[in-house]
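What follows is a set of notes on a single structure, which appears directly below.
The chains referred to below are lettered A, B, ... by the order of the sequence lines, with proteins before strands, and numbering in each begins at 1.
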Protein chains: 2
Amino acid sequence: MARTPRNTLSSELIVRTALELMESRGADAFSLRGVAAELGVGPMALYTYFRNKDELYDAVRDHLMGLLPAVPGDAAWPDQVRAVCRSLRLLMLQHPCLAQLLAGRPLSGHETARVAEGLLGVLRAAGFDAETAARTHTTLFTYVLGSTSWEIQMAAERRDPEAWRRLRATMESLSARDFPSVVELAPELARTTGGDEQFDYGLDLLLAGLQLRTPS
Amino acid sequence: MARTPRNTLSSELIVRTALELMESRGADAFSLRGVAAELGVGPMALYTYFRNKDELYDAVRDHLMGLLPAVPGDAAWPDQVRAVCRSLRLLMLQHPCLAQLLAGRPLSGHETARVAEGLLGVLRAAGFDAETAARTHTTLFTYVLGSTSWEIQMAAERRDPEAWRRLRATMESLSARDFPSVVELAPELARTTGGDEQFDYGLDLLLAGLQLRTPS
DNA sequence: CACCGTACTATACACTGTACGTTATGAAGG
DNA sequence: CCTTCATAACGTACAGTGTATAGTACGGTG
């Protein structure tokens with residue numbers, strides 16, 4: 001009765017191989033047939049372990065979320081929040097496919113819940129009521145997701161010289177009369193697209209706003 | 001050989017048709033062959049007007065950005081910023097495909113620049129220096145993009161009863177011992193995923209933080 | 001009227017995810 | 001040992017996708 005797998009495959013092995021392929025070839029070029037070929041197996045073999053491509057995506061995402069460190073226990077709550085947000089961002093930068101995995105599917109899975117638990121626990125311990133804690137959690141999550149996804153997207157674009165050239169071209173074709181601020185701030189805009197400083201700037205704005213509402 | 005007359009196509013017509021299809025069938029199900037069929041034309045006919053699918057995406061995105069209203073000129077700058085962010089969010093909610101169009105490609109195009117110009121102009125007029133204006137612009141944009149994309153994504157998931165049922169199931173399978181905060185705050189988390197209140201909550205945090213840095 | 005560039009068609013290729021039916025392997029029961 | 005049976009993995013097939021390449025017919029200009 002023990003449903004022992006035949007031989008070669010397992011969920012973990014498939015997830016690991018899928019992750020490798022996403023990182024080497026990019027999340028867009030990823031395909032079920034690719035990971036099947038990498039495993040020396042027919043495409044349909046994967047359907048024994050995952051109902052479809054999305055379920056494999058979910059498994060890879062949860063696997064990556066499992067790599068996040070625990071919340072530091074011995075710090076003031078704003079620093080704890082900062083640490084959680086920064087480590088999620090760092091993980092996304094180390095594994096760019098995570099951005100698409102997070103944005104494209106609803107959150108689910110054990111490890112994902114663990115991360116949410118960490119942040120929510122910090123907010124509750126800081127004294128925020130249930131609604132504020134939930135709202136803050138959602139706000140922080142969407143900020144980290146949005147800003148880091150954007151950063152990754154732009155970095156990828158910059159690596160493609162053809163796309164980068166055309167972006168510069170359209171930027172420089174803008175008339176300084178119609179778009180004075182855009183033209184004037186173009187270098188600043190390019191410089192502030194991504195980077196730790198940019199991320200921390202927005203995060204600090206959020207935390208400063210949040211501290212104005214500190215309870216007790 | 002019943003051949004359709006010569007100049008039936010145009011960029012605008014293609015963009016309009018593409019937008020209709022994205023909104024009726026969803027941005028994921030959108031295909032070049034679909035819009036070509038809708039126009040009663042072979043798939044390759046579109047390549048006369050757009051170099052590839054991505055360029056069509058860009059055109060649709062820029063067309064949508066053209067629908068954004070101008071910045072209200074007679075308000076305090078925080079209210080102007082709020083208005084810009086809210087109208088972008090509103091447009092994304094009215095045209096859900098815009099979320100994917102914005103997230104998946106770098107910004108370019110005339111109308112897109114116009115929107116950036118509006119927000120940057122407000123920030124400069126408020127007295128912020130070049131770097132702060134650029135950073136704030138990027139922060140606000142990624143916040144609006146991230147939070148509204150997430151909201152749209154979740155709303156779509158909620159409409160699929162099968163996916164929604166499985167989401168509830170995994171939520172309820174979490175042990176209250178391992179994930180006390182998640183389990184306790186589950187209803188709040190569900191309630192704060194999306195909605196004007198949630199959006200304004202995060203936006204107010206950002207603006208509150210920003211006002212602490214008001215120049216002059 | 002002849003010409004030519006342009007707008008469009010036709011065909012083809014290399015992919016994708018996955019539904020369906022078949023095979024062969026490993027463990028369990030006699 | 002042999003039989004039995006659930007199932008892991010296979011092979012085939014289908015309906016799609018974007019787009020490269022080559023061919024065709026029309027409209028405006030000489």
Side-chain angles (χ1 to χ4, degrees), chain A residues 1-22 24-61 97 100-101 104-105 156 160 162-163 166, chain B residues 1-22 24-61 97 100-101 104-105 156 160 162-163 166:
Chain A
M1 294 299 182
R3 338 178 38 238
T4 53
R6 185 69 54 86
N7 218 359
T8 51
L9 258 48
S10 73
S11 305
E12 290 87 37
L13 182 58
I14 294 174
V15 166
R16 229 171 31 234
T17 310
L19 181 57
E20 277 169 26
L21 282 188
M22 284 188 202
S24 66
R25 295 221 272 268
D28 290 332
F30 169 81
S31 75
L32 288 183
R33 298 177 111 101
V35 42
E38 182 75 19
L39 290 164
V41 116
M44 293 314 288
L46 307 180
Y47 281 76
T48 306
Y49 300 89
F50 301 96
R51 258 204 253 142
N52 51 41
K53 200 187 185 187
D54 281 342
E55 235 178 51
L56 176 54
Y57 278 149
D58 286 348
V60 173
R61 172 170 51 71
C97 57
Q100 276 154 274
L101 293 175
R105 311 255 320 139
D160 177 359
E162 165 64 12
R166 276 198 297 179
Chain B
M1 183 168 279
R3 191 175 273 278
T4 47
R6 197 97 267 252
N7 279 330
T8 51
L9 259 45
S10 72
S11 304
E12 291 85 36
L13 182 58
I14 294 175
V15 166
R16 232 177 23 241
T17 310
L19 180 57
E20 276 169 26
L21 283 187
M22 283 189 203
S24 66
R25 295 220 272 269
D28 290 332
F30 169 81
S31 74
L32 289 184
R33 298 174 113 102
V35 40
E38 183 76 18
L39 290 164
V41 116
M44 294 312 291
L46 308 179
Y47 281 76
T48 307
Y49 300 89
F50 300 96
R51 256 211 285 266
N52 51 41
K53 200 188 186 187
D54 281 342
E55 235 178 51
L56 175 54
Y57 278 150
D58 287 348
V60 173
R61 172 169 52 70
C97 57
Q100 276 154 271
L101 293 175
R105 310 252 325 136
D160 177 0
E162 164 64 13
R166 277 198 296 180

- Residues in side chain to side chain donor-acceptor pair (under 3.5 Å) with B:Tyr47, at least two apart? none
- B:Thr48 vs C:dC8: side-chain N/O to OP1/OP2 distance below 4.0 Å: no
- Item | From B:Asp28 atom CG to B:Met22 atom CE, the distance as rounded to the nearest 0.5 Å | 10.5 Å
- Message: So, using side-chain contact (heavy atoms from CB on, under 4.5 Å) as the criterion, who are the partners of A:Ser11 when residues are at least two apart?
- Response: A:Tyr49, A:Phe50
- Item | Separation of A:Leu46 CG from A:Asn52 CG (nearest 0.5 Å) | 11.5 Å
- Could you check how far CZ of B:Phe50 sits from C1' of C:dC8, rounded to whole Å? 16 Å
- Test side chain to side chain donor-acceptor pair (under 3.5 Å) applied to A:Arg166 - qualifying residues, sequence neighbours left out: B:Glu55
Sort me out a list of protein N/O and nucleotides 18-22 of chain C N/O pairs below 3.5 Å, or just none if empty.
unit_1 : atom_1 : unit_2  : atom_2 : d
C:dT18 : OP2    : A:Tyr47 : OH     : 2.6
C:dT18 : OP2    : A:Lys53 : N      : 3.1
C:dT18 : O5'    : A:Tyr47 : OH     : 3.0
C:dT18 : O4     : A:Arg33 : NH1    : 3.0

- Task: Can you spot which of A:Val41, A:Val15, A:Leu13, A:Thr17 makes a side chain to side chain contact (heavy atoms under 4.5 Å, CB included) with A:Val35?
- Result: A:Thr17
- Message: Rounded to whole Å, how long is the line connecting atom CG of B:Leu9 with atom P of D:dG27?
- Response: 15 Å
- Item | Spacing of B:Leu21 atom CG relative to D:dG16 atom P, expressed in whole Å | 15 Å
- Task: Check side chain to side chain donor-acceptor pair (under 3.5 Å) between B:Arg25 and all other residues, then give those that pass, not counting sequence neighbours.
- Result: none
- Send over the distance from A:Phe30 CZ to C:dC15 P, rounded to a whole Å. 16 Å
- Find the distance between CZ (B:Arg16) and OG (B:Ser10) and round it off to the nearest 0.5 Å. 7.0 Å
- Message: So, taking the atom named OG1 in A:Thr48 and the one named CD1 in A:Ile14, what distance separates them when rounded to the nearest 0.5 Å?
- Response: 8.0 Å
- Query: Whole Å only: how far is the CZ atom of B:Arg25 from the C1' atom of D:dT17?
  - Reply: 14 Å
- Task: Using atom CG of A:Leu46 as one end and atom P of D:dC10 as the other, report the distance to the nearest whole Å.
- Result: 9 Å
- Task: Mind checking B:Ala45 for me? I need base, sugar-phosphate or nothing, with any heavy atom below 4.0 Å counting as a touch.
- Result: base
- Task: Can you tell me the distance, in whole Å, between the CG atom of B:Leu39 and the C1' atom of C:dT9?
- Result: 15 Å
- Give me the bend of the helix from C:dC1-D:dG30 to C:dG30-D:dC1, using the axes of the five pairs at each end, rounded to 10°. 10°
